[in-house]
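Worksheet for the structure shown next.
Hydrogens, waters and symmetry mates play no part in the numbers below; they use all other heavy atoms, side chains included. This is a predicted model, so every value here is computed, not measured.
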Amino acid sequence: FAEARVGYKKVLKKRPNHFHALHLLGASEHQRGDFEAALRLFKRALLLDPRSAQVQCDLGIVLAELRRHDEALACFDKLITMHADFVEAHFRQGNVLLGLGRLAEAIMSFDNAIALDSQHVAALTNKGQALHLLGRVAEAIMCYDKALMVKPAHVPALVNRGAAFKDLRQTDKAIAEFNLALA
């Protein structure tokens, strides 16, 4: 990443409005954990191409990481309005809503992501988590089952399914799920 960052900075020194260099340097800063720098770079890139779905999504992700939830949701709403078929926007919107405890809305966002990609393991798992939090444990287990059909060793789905079995007082099943997760 360090070499890539140096390269992007060289490009931007010569061409300060190079869209791809701004976006990729922003992604690099995000991965480094410098969310403020990533935010500035993504905003600059969007000034050059306001319809870029990936940059808009990356901006929303960074806003969520900065706990600027209302701005993140607005960002994802705008992205979904422009690109209704952008799976990751629905998924990320669902994550923000889940984090805010807006569970019914989160489920709708995850459902939208799943409708676009029926094998989106994280959306299936997170939908299950929202259902579980609502006390709809049997439905949550069905979501975890679907996620595990796609990716049998998906640790979050295994752990969450174990917790669901624990809540149903199915201790043997819960322990088996936790052991699978540990393995």
Side-chain angles (χ1 to χ4, degrees), residues 23 26-27 29-31 33 35-36 38-39 41-43 45-46 49-168 177-178 180-181:
H23 177 219
E29 295 295 354
H30 176 231
Q31 289 171 337
F35 304 134
E36 291 293 343
L39 182 70
L41 289 159
F42 291 149
K43 284 183 174 182
L46 282 172
D49 183 2
R51 295 199 48 81
S52 171
Q54 190 58 58
V55 177
Q56 187 76 28
C57 188
D58 290 345
L59 176 64
I61 292 167
V62 167
L63 287 165
E65 301 240 17
L66 289 168
R67 300 181 197 278
R68 292 164 61 175
H69 302 296
D70 290 338
E71 291 173 79
L73 288 173
C75 193
F76 293 128
D77 286 343
K78 179 179 179 181
L79 176 54
I80 291 166
T81 299
M82 291 188 308
H83 303 279
D85 61 344
F86 198 83
V87 177
E88 199 65 14
H90 294 282
F91 170 67
R92 297 294 182 157
Q93 179 186 55
N95 286 344
V96 173
L97 292 165
L98 179 62
L100 293 172
R102 293 165 55 181
L103 303 177
E105 293 170 90
I107 291 168
M108 286 192 299
S109 292
F110 295 135
D111 279 341
N112 290 334
I114 294 163
L116 294 165
D117 178 2
S118 64
Q119 300 201 0
H120 196 296
V121 174
L124 288 163
T125 302
N126 291 5
K127 177 184 176 184
Q129 184 180 0
L131 288 165
H132 191 166
L133 290 168
L134 286 171
R136 295 163 55 184
V137 182
E139 290 175 79
I141 290 172
M142 288 191 304
C143 287
Y144 304 141
D145 289 345
K146 288 177 185 176
L148 291 166
M149 281 193 285
V150 177
K151 187 175 179 185
H154 187 62
V155 174
L158 289 167
V159 169
N160 288 348
R161 190 164 70 171
F165 284 134
K166 179 188 76 66
D167 288 351
L168 292 174
E177 294 301 312
F178 295 139
L180 283 172

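Minimum heavy-atom separation, A89 to C57: N-SG, 4.4 Å. Residues A181 and V159 come closest through the heavy atom pair CB-CG2, 3.7 Å. The shortest non-hydrogen separation linking A130 to L103 is O-CD1, 4.1 Å. Residues L131 and C143 come closest through the heavy atom pair CD1-SG, 3.7 Å. Of all heavy-atom pairs spanning F165 and E177, the tightest one is CD1-CG, 3.8 Å. The minimum heavy-atom distance linking A64 with V96 is given by the pair CB-CG2, 3.8 Å.
Rounding to the nearest 0.5 Å places NZ of K151 at 9.0 Å from OG1 of T125. Rounding to the nearest 0.5 Å gives a distance of 11.5 Å between CD1 of I114 and CD of Q119. A distance of 10.5 Å separates SG of C75 from CD of Q93, quoted to the nearest 0.5 Å. Note: L63 CG to L39 CG = 5.5 Å, rounded to the nearest 0.5 Å. Annotation: the span from N160 atom CG to L124 atom CG amounts to 12.0 Å, rounded to 0.5 Å. If you take CG on L73 and CG on L100, they are separated by 6.0 Å, rounding to the nearest 0.5 Å.
Side-chain contact between L66 and E36 is present, with at least one heavy-atom pair separated by less than 4.5 Å. Between F76 and H90, the closest side-chain pair of non-hydrogen atoms is not below 4.5 Å. Between N126 and F91, some side-chain heavy-atom pair lies under the 4.5 Å cut-off.
Side chains of Q56 and H83: no donor on one and acceptor on the other come within 3.5 Å. Of the N and O atoms on the side chains of H132 and D167, at least one donor lies less than 3.5 Å from an acceptor on the other residue.
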Check against side chain to side chain contact (heavy atoms under 4.5 Å, CB included), Q54 and E88:
CA-CA 9 Å; Q54 190 58 58; E88 199 65 14; 6.0 Å; no
Stepwise side chain to side chain contact (heavy atoms under 4.5 Å, CB included) check, K78 with T81:
CA-CA 5 Å; K78 179 179 179 181; T81 299; 5.7 Å; no
Do L59 and L46 pass the side chain to side chain contact (heavy atoms under 4.5 Å, CB included) test, and can you show the C-alpha distance, the side-chain angles, and the key distance before you say yes or no?
CA-CA 9 Å; L59 176 64; L46 282 172; 3.5 Å; yes
Evaluate N112 against I80 for side chain to side chain contact (heavy atoms under 4.5 Å, CB included), listing each step before the verdict.
CA-CA 10 Å; N112 290 334; I80 291 166; over 6 Å; no
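The aromatic ring centres of F35 and H30 sit less than 6.0 Å apart.
Looking at Y144, its side chain does come within 3.5 Å of a backbone N or O of Q129 through a donor-acceptor pair.
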